[in-house]
Amino acid sequence: MDGLWEIVSDFTVRNALLGALILGTLSGVLGTFAVLREQSLLGDALSHAALPGICIGFLIAGSRQLWPLALGALAAGAVASWCVLLLVRYSRLKADASMGVVLSTFFAAGTVLLTYIQNHQLPGQAGLDSFLFGQAAGLLPSDLWVMGAVAAAGVGLVLVFWKEFKLLTFDPGFARSLGWPVRLLEGLLTSMIALAVVVGLQMVGVVLMVAMLIAPAAAARQWARRLETMVVLAALFGATSGMAGTLISLVRPGLATGPLIVLAATGLVVVSLLIAPERGLVWRAVQRRRTRAALESGRVLVDMLQLARAHGDESYASAQGMISAVYGADAEAALLRLEKAGLVEPVTPEHGTGRHWHLTEKGREAARRLLKEREE
Amino acid sequence: MMDVQQPAKSPWERSGARHGDTALHEPSLALHIEDLTVSYEYRPVLWDIDLNIPPGVLGAVVGPNGAGKSTLIKAVLGLVPVAAGHIYIFGRSHREQLSRIGYVPQRTSVDWDFPTTALDVVLMGLYGRLGWIRRPGRAERARAMAALEQVGMAPYADRQISQLSGGQQQRVFLARALVQDADLYLMDEPMAGVDATTERQIIGLLRDLRSRGKTVLVVHHDLQTVPQYFDWLVLLNVRIIAQGPIEQVYTLENLRHTYGGQIRLLQGVPAPDTAALQVGANEAAGTGASAPGGTGAPTGAPER
């Protein structure tokens, strides 16, 4: 633990962790809206398209400070989304194909520019390639200020326009029927999502930034029953996975930060998809099994009552063999469940062999109720 | 056009001529539409619509698939771009009167997997009244609960909306419109996919709205129940085929014009105004019907 504390108290490390905390919170909050508004692909297109903008920003500014690079990324993202809109409007390409084409074109152009810059040994370019996969260690204190300002603006906007953004996401048609400037609000929200993507590029990298936006929100959706909870959980998940990934990349220099953060976040997604109550796969499988077992026990109970009635004696003991003839191997389990619930009990038969069961008073009552329900 | 024979004084029969000398235009009508055309990708979905709905009626908008029923409602709410025409609500342009309209969209138009509760959805009906930034408080909650009570959904107030049945979701939408406390209600298929009990409950609520002096216009899909539920009828197939009081408009001839001969009379059932009409199966194919006596307006445009 001493070693870990030493690392955390280091200046660069504290910078990086603070950046991860800010970025994780911001992308969790805005990612919630991106996921619910089904804008995940847009985030991907934006982050890939940002690469040429980053390179051009660097060429113009001549340094790798965050704000000129972010400005370039934002401009490239805007041009890219404009290209997607034009393609959808004037060509026969659908939205997803248009996004795919634009995203890869911009990314290719960005890669060409990046290799050009690296081959020409321009001053100050060291670490520019970290924009591909992210490098938390390269974060400057001035970068933190930019990230902090964007995060404050993003989270602040969501807090101020909470009910507006909520209705806009759930039912935009109804929002417009109230006379709200829906286009303006949508533009505001989408711009904030774009900004969150851009400021995260340095830490997470253009290739994987979309996961930072989507994964915490997708994991949070599994646990949340209200939008409030989902936003808070997504922020928490984002911050946790961001800091975890950053810490690992700092302890083991040479590992890129982005993939580590994304692995941490997607780990949360997998766990959430599996075990979250009500929505988790495992949870639902268990529920299904329970329901099936309850249904089957009910059927056995009713069958036993009908069998007893056919013999003119409700306390008639049925041979387990008869029940097994209908329910096969499940009969044993069903009878044991019913015995545990005090609805049936084993009896020693006066004649014949094998185990016999009869309904208890409680069991007869339950069976009569089920039979009545079935007849209705 | 197939307008119904009416004494010329009836307000819904008035021509669209502007009076010009007052700020209000046809203030005696809850909804007044002149020469409305809406098109979608160069195909008219609504063509040259003139529509008059007097206040206090419970009206149905009926027509085949692709007739533009939803588009008509969306045009009044300003949700679709209008190619030409004017829309007035209680005498003023519809854009100034949005706060007097309550809206029930098609249930399937939203994703019910959104993480929120029934009560929260109903509260959204008060967002317009609340104004910017302000959050709903205790008074709003009480009103939303009262509306849920009215639609019989109070026990489900805190339930996740994804866990509600289709009919329950529909009633939540209805409650959201109720808290809007509007003068004109526009509802897009509020009885689609609900069971018979819920349908009776919904029609009871609509009648209750009418008895409180509200005007209600409902896109309805079931021709058989039209004369039983409504007192006003608009027959639409890209253009207005007929409009007016139900007993004058609900005739076999008008319905034939609307559905273009796709109507089958049920065997052994008397006159059409006692119901018992059924839309042919080809209506479901969404081909739409050819408008009668047409000036060439294309039909079968997609429902938006």
Side-chain angles (χ1 to χ4, degrees), chain A residues 31-39 88-90 92 156-186 188 217-234 272 276-279 284 287, chain B residues 41 70 73-80 94-117 119-121 123-137 140 158-163 172-173 176-177 180 182 184-186 188 304:
Chain A
T32 299
F33 290 94
V35 164
L36 291 175
R37 289 164 50 80
E38 298 173 17
Q39 283 185 324
V88 170
R89 191 172 300 166
Y90 293 110
R92 297 198 148 241
L157 264 178
V158 168
L159 285 178
V160 169
F161 292 116
W162 178 257
K163 88 173 189 296
E164 283 77 12
F165 285 165
K166 178 159 74 175
L167 182 53
L168 194 70
T169 307
F170 173 61
D171 192 350
F174 190 76
R176 282 174 70 191
S177 86
L178 298 176
W180 284 4
V182 164
R183 288 264 163 77
L184 187 76
L185 287 167
E186 268 174 348
L188 206 60
R221 175 67 193 100
Q222 289 295 106
W223 304 91
R225 303 167 53 105
R226 312 203 47 162
L227 187 60
E228 287 86 339
T229 330
M230 183 171 167
V231 165
V232 171
L233 270 182
S272 306
E278 284 174 27
R279 303 173 69 90
R284 272 160 55 198
Q287 278 302 304
Chain B
E41 285 178 355
S70 291
I73 281 190
K74 286 179 180 167
V76 175
L77 288 159
L79 303 185
V80 291
H94 63 139
R95 295 205 176 269
E96 300 165 26
Q97 298 279 63
L98 287 175
S99 61
R100 296 181 70 177
I101 310 181
Y103 176 38
V104 179
Q106 271 182 31
R107 181 173 62 84
T108 49
S109 66
V110 305
D111 178 10
W112 288 90
D113 198 37
F114 191 84
T116 194
T117 60
L119 181 71
D120 210 35
V121 172
L123 278 170
M124 291 175 186
L126 293 165
Y127 281 9
R129 223 150 268 251
L130 273 172
W132 289 97
I133 297 163
R134 265 189 61 201
R135 306 280 172 88
E140 282 78 20
D158 288 323
R159 192 67 75 84
Q160 280 271 287
I161 56 170
S162 58
Q163 291 172 356
V172 168
F173 258 12
R176 182 176 71 172
Q180 287 188 279
L184 170 65
Y185 282 96
L186 302 175
D188 203 345
R304 290 229 285 167

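Throughout, protein chains are lettered first and strands after them, A, B, ... in sequence-line order, and every chain is numbered starting at 1. From a predicted model like this one, the values you see are computed outputs, not experimental measurements.
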Exercise: identify the closest heavy-atom pair between [X] and [Y]:
X	Y	value
B:Pro115	A:Ala224	CB-O, 4.3 Å
B:Pro136	A:Lys163	CD-CD, 4.4 Å
A:Ser177	B:Leu77	CB-CD2, 3.8 Å
B:Gly128	A:Trp180	CA-NE1, 4.5 Å
A:Arg225	B:Asp158	NH2-O, 4.4 Å
A:Arg279	B:Asp113	NH2-OD2, 2.8 Å

Between chain B and each of A:Glu38, A:Arg176, A:Met230, A:Glu228, count heavy-atom pairs under 4.5 Å; write down the option with the most.
A:Arg176
Which atoms of A:Leu36 approach chain B - backbone, side chain, both or neither, heavy atom under 4.5 Å:
side chain
Given heavy-atom pairs under 4.5 angstrom as the criterion, report whether the side chain, backbone, both or neither of A:Arg37 touches chain B.
neither
Region of [X] that comes under 4.5 Å of a non-hydrogen atom in chain A:
X	result
B:Ile101	neither
B:Val76	neither
B:Leu186	neither

Do A:Glu278 and B:Gln163 meet the criterion of a side-chain donor-acceptor pair at a distance under 3.5 Å?
yes
So, do B:Tyr103 and A:Leu178 sit near enough that their side-chain heavy atoms are less than 4.5 Å apart?
no
Validation: residues 167-174 of chain A side-chain donor-acceptor distances under 3.5 Å, sequence neighbours left out:
residue: A:Thr169; atom: OG1; partner: A:Phe165; partner atom: O; Å: 2.7
residue: A:Asp171; atom: OD1; partner: A:Phe174; partner atom: N; Å: 3.2
residue: A:Asp171; atom: OD2; partner: B:Arg176; partner atom: NH1; Å: 3.2
residue: A:Asp171; atom: OD2; partner: B:Arg176; partner atom: NH2; Å: 2.8

If you tally heavy-atom pairs under 4.5 Å between each of B:Leu98, B:Thr116, B:Leu79 and chain A, the highest tally belongs to B:Leu79
Kindly check if the number of other-residue, nucleotide or ligand heavy atoms within 6.0 Å of CZ (A:Arg92) is above 12?
no
